[in-house]
Structures are given as C-alpha cells and as structure tokens.
Number of protein chains: 2
Amino acid sequence: MIKELEIKLKQKGIRPTAMRLLVLEALSGQEAAVSLSDLEEVFEKSDRVTLYRTLKTFQENGLVHSIDDGTGAPKYALCEEGCECNIEQDLHVHFHCRMCRETFCLPKYKIPDIDLPGEFIPEEANLVVKGVCGKCSA
Amino acid sequence: MIKELEIKLKQKGIRPTAMRLLVLEALSGQEAAVSLSDLEEVFEKSDRVTLYRTLKTFQENGLVHSIDDGTGAPKYALCEEGCECNIEQDLHVHFHCRMCRETFCLPKYKIPDIDLPGEFIPEEANLVVKGVCGKCSA
DNA sequence: AAAAATCATGCACAGGAATTGCATTTATCA
DNA sequence: TGATAAATGCAATTCCTGTGCATGATTTTT
C-alpha cells in the first residue's frame with residue numbers, strides 16, 4: 001500500500017519522505033484536483049510552505065500537473081498513466097464546477113489543435129470548461 | 001471623440017463619468033489585454049479600487065471581458081462588435097506570450113465545441129494558448 | 001561508523017492582488 | 001433646491017505565492 005506509493009515516488013526520482021508519501025496518498029484518494037489550501041486543511045499539523053514545495057517537487061518530476069481553473073489558486077492533480085502533460089499535444093481538458101467549485105481532469109478529452117496565425121508560436125495550451133458537474137446538477 | 005466613448009457607455013447602460021471615459025479611452029488604444037496593475041500605471045493619480053470597480057462595472061455590462069491567462073492577475077479587453085462573450089458559443093481564443101507577457105484576443109478563433117460526458121453541463125469555456133508572439137519571435 | 005555534504009522541513013516574513021467598509025463627493029431626479 | 005442614489009477615495013482585511021534562514025534528517029564519502 002504505502003510501499004506502492006514509495007515505488008511511485010522513486011520511479012520519478014523523488015525521495016520518499018513521510019510527508020511526500022502522505023501527500024501522494026491524499027492526492028491518490030481524490031477524484032478532483034486539489035488546491036494548496038485544500039491540502040492544508042487535510043494536513044493541519046504541517047506547514048503550508050512544505051506542502052507548497054512538495055507539490056512543486058511533484059510537478060517538476062512529472063508526478064502531478066497543475067491546472068489554472070480561474071479561481072485564483074492553482075490546483076493539482078495526479079498525472080495518469082501516459083499523461084504527457086509537458087507535451088503540447090497531450091494536454092487535456094479540465095472541467096470546473098461553479099457549484100461545488102471542484103475541478104476535474106478529463107484525460108480522455110484533448111485540447112483540439114488551433115491553427116493560429118503564423119506570427120503566434122504555440123507552446124502550450126490550457127482549456128477549462130466551466131459549468132455544473134453531475135453531482136451538483138442531480 | 002470623447003463623445004463617441006460617451007455614447008458607447010450610455011448604450012451599455014453605464015453612466016459616463018470622467019473616470020470611466022478615461023479608462024475606456026485607455027482600453028480602446030490597447031492592442032493587448034490589460035491587467036488592473038497595467039491600468040494603475042497609466043492612471044497614477046487614481047485609486048486602484050476605483051479602477052477595479054470601473055472594470056467590474058464594464059464587465060457586468062458587457063463592455064469588456066476578462067481573461068484568465070494564468071499570470072495570476074486577470075486581464076481585461078474591450079469586447080468587439082458582436083462579441084457575445086457571455087454566450088458559450090462565441091468565446092474566442094486568447095494568446096499569451098511568455099516573452100513580453102502580453103495577452104492578445106483572437107476574436108476570429110473560436111473555442112471548438114467539446115462534447116463532454118453527459119454529466120457535465122458546460123456554461124462557459126476559457127482557452128489560453130501560450131507561446132511566443134510575432135513581435136518577440138522576430 | 002563518523003564526518004561531510006546534500007536535501008527536506010518548519011518558521012517568519014515579504015509582497016502582490018482581490019475585495020470590503022465607510023465616509024465623502026458627485027450626479028440624478030422629483 | 002432638496003432628497004436620493006451612485007461613484008470615488010482611503011484604510012484595512014484577507015488570501016495566496018514565494019523567499020531566507022535555521023534546524024533536522026538522510027545520503028554520500030572517507
């Protein structure tokens with residue numbers, strides 16, 4: 001259980017400290033993307049900055065990707081198998097629910113290619129659809 | 001000149017005060033979207049909060065739309081003729097240059113329709129492409 | 001196994017930005 | 001003109017990212 005998470009970290013070249021295992025475990029149990037503040041509530045005992053740096057480390061090593069859903073605070077979600085979130089073509093769509101304020105990854109929905117005018121050289125893209133999710137519209 | 005701006009405000013149901021005329025004039029002369037801080041530099045004498053509320057008023061009355069380009073601060077741009085930025089179908093793409101940090105509206109480029117799973121009810125969408133603009137790549 | 005070096009963590013604090021409350025001024029309307 | 005409503009400016013709050021530095025833990029080297 002914990003062992004699996006430890007392996008996951010090592011595979012990405014991240015030293016498996018207690019803190020990191022806990023954060024990874026918390027992220028694994030989440031369906032929606034979480035913000036730093038969300039995490040802070042889960043780990044009341046820990047320092048905000050440590051969580052901040054933990055997420056940063058995860059991100060730099062391709063374990064999570066961050067989503068800017070327009071709420072002001074970036075959110076983080078575990079990368080799935082084959083989530084090449086650094087490569088332009090593989091960026092997926094995110095959905096932000098205005099009711100529960102949660103943000104979901106839709107890894108199966110890729111951002112369509114936009115054929116921009118020549119003077120614009122694209123490198124990455126971010127598409128957030130906002131609306132109401134299934135739980136909130138029921 | 002100023003008269004035109006005044007009419008524009010009145011058409012949208014916004015009382016044409018001096019401040020608002022100045023802000024509208026400043027926005028009209030901009031090719032790229034501007035942030036609150038950008039505006040603040042132009043109007044050094046004025047208060048940040050007033051500018052903030054002016055933009056908010058403009059936005060509520062459909063005179064400008066805001067873009068979240070991921071820089072942390074929302075940017076604002078004048079709506080063009082027929083810019084139905086409240087209506088899902090008409091949302092256009094924005095381009096953010098990582099060199100000059102400017103954000104451009106691409107009104108001719110609409111966000112493609114994403115056929116989401118049924119449980120997600122879309123209401124709006126935001127697509128920001130990041131890269132390098134023509135001026136910076138030359 | 002001990003010393004040295006590197007890395008992780010926690011605390012304090014700086015800085016930027018959105019946002020609100022309230023008092024004052026300005027404009028509208030009866 | 002007097003009453004009412006709206007706009008503005010100032011002060012202050014809150015929230016968040018990010019940095020500096022000291023301490024503790026872990027890895028590496030000798």
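Below, read A as the first sequence line, B as the second, and so on, with proteins coming before strands; counting in each chain starts at 1.
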- Item | Donor-acceptor contact below 3.5 Å, side chain Arg20(A) vs main chain Arg15(A) | yes
- Message: At a heavy-atom distance below 4.0 Å, what parts of residues 18-43 of chain A sit against DNA chain C?
- Response: Met19(A), Arg20(A)
- Message: What contact category does Thr57(B) fall into here, base, sugar-phosphate, or nothing, at under 4.0 angstrom with non-hydrogen atoms?
- Response: nothing
- With Ser35(A), which of Glu40(A), Lys75(A), Glu41(A) fulfils side-chain contact (heavy atoms from CB on, under 4.5 Å)? Lys75(A)
- Message: Between His92(A) and His94(A) (judged by ring centroids, cut-off 6.0 Å), do the two rings come close enough to count as a pair?
- Response: yes
For nucleotides 21-29 of chain C, tabulate all protein N/O to nucleotide N/O atom pairs closer than 3.5 Å, reporting atom names and distance.
from	atom 1	to	atom 2	distance (Å)
dG21(C)	O6	Arg53(B)	NH2	3.2

- Task: In whole angstrom, give the distance that lies between atom CG of Asp68(A) and atom P of dA17(C).
- Result: 15 Å
- Note on the structure: Lys56(A) NZ to dC7(C) P, in whole Å, measures 15 Å
- Looking at Lys10(A) and Glu6(A), does any basic side-chain N land under 4.0 Å from a carboxylate oxygen? yes
- Would you say Phe58(A) and Phe43(A) are hydrophobically clustered, going by side-chain heavy atoms of ILVMFWY under 4.5 Å? yes
- Please check if atom CZ in Arg48(B) has more than 12 non-hydrogen atoms from other residues, nucleotides or ligands closer than 6.0 Å. yes
- Message: How many whole angstroms separate atom CD of Glu60(A) from atom P of dC7(C)?
- Response: 13 Å
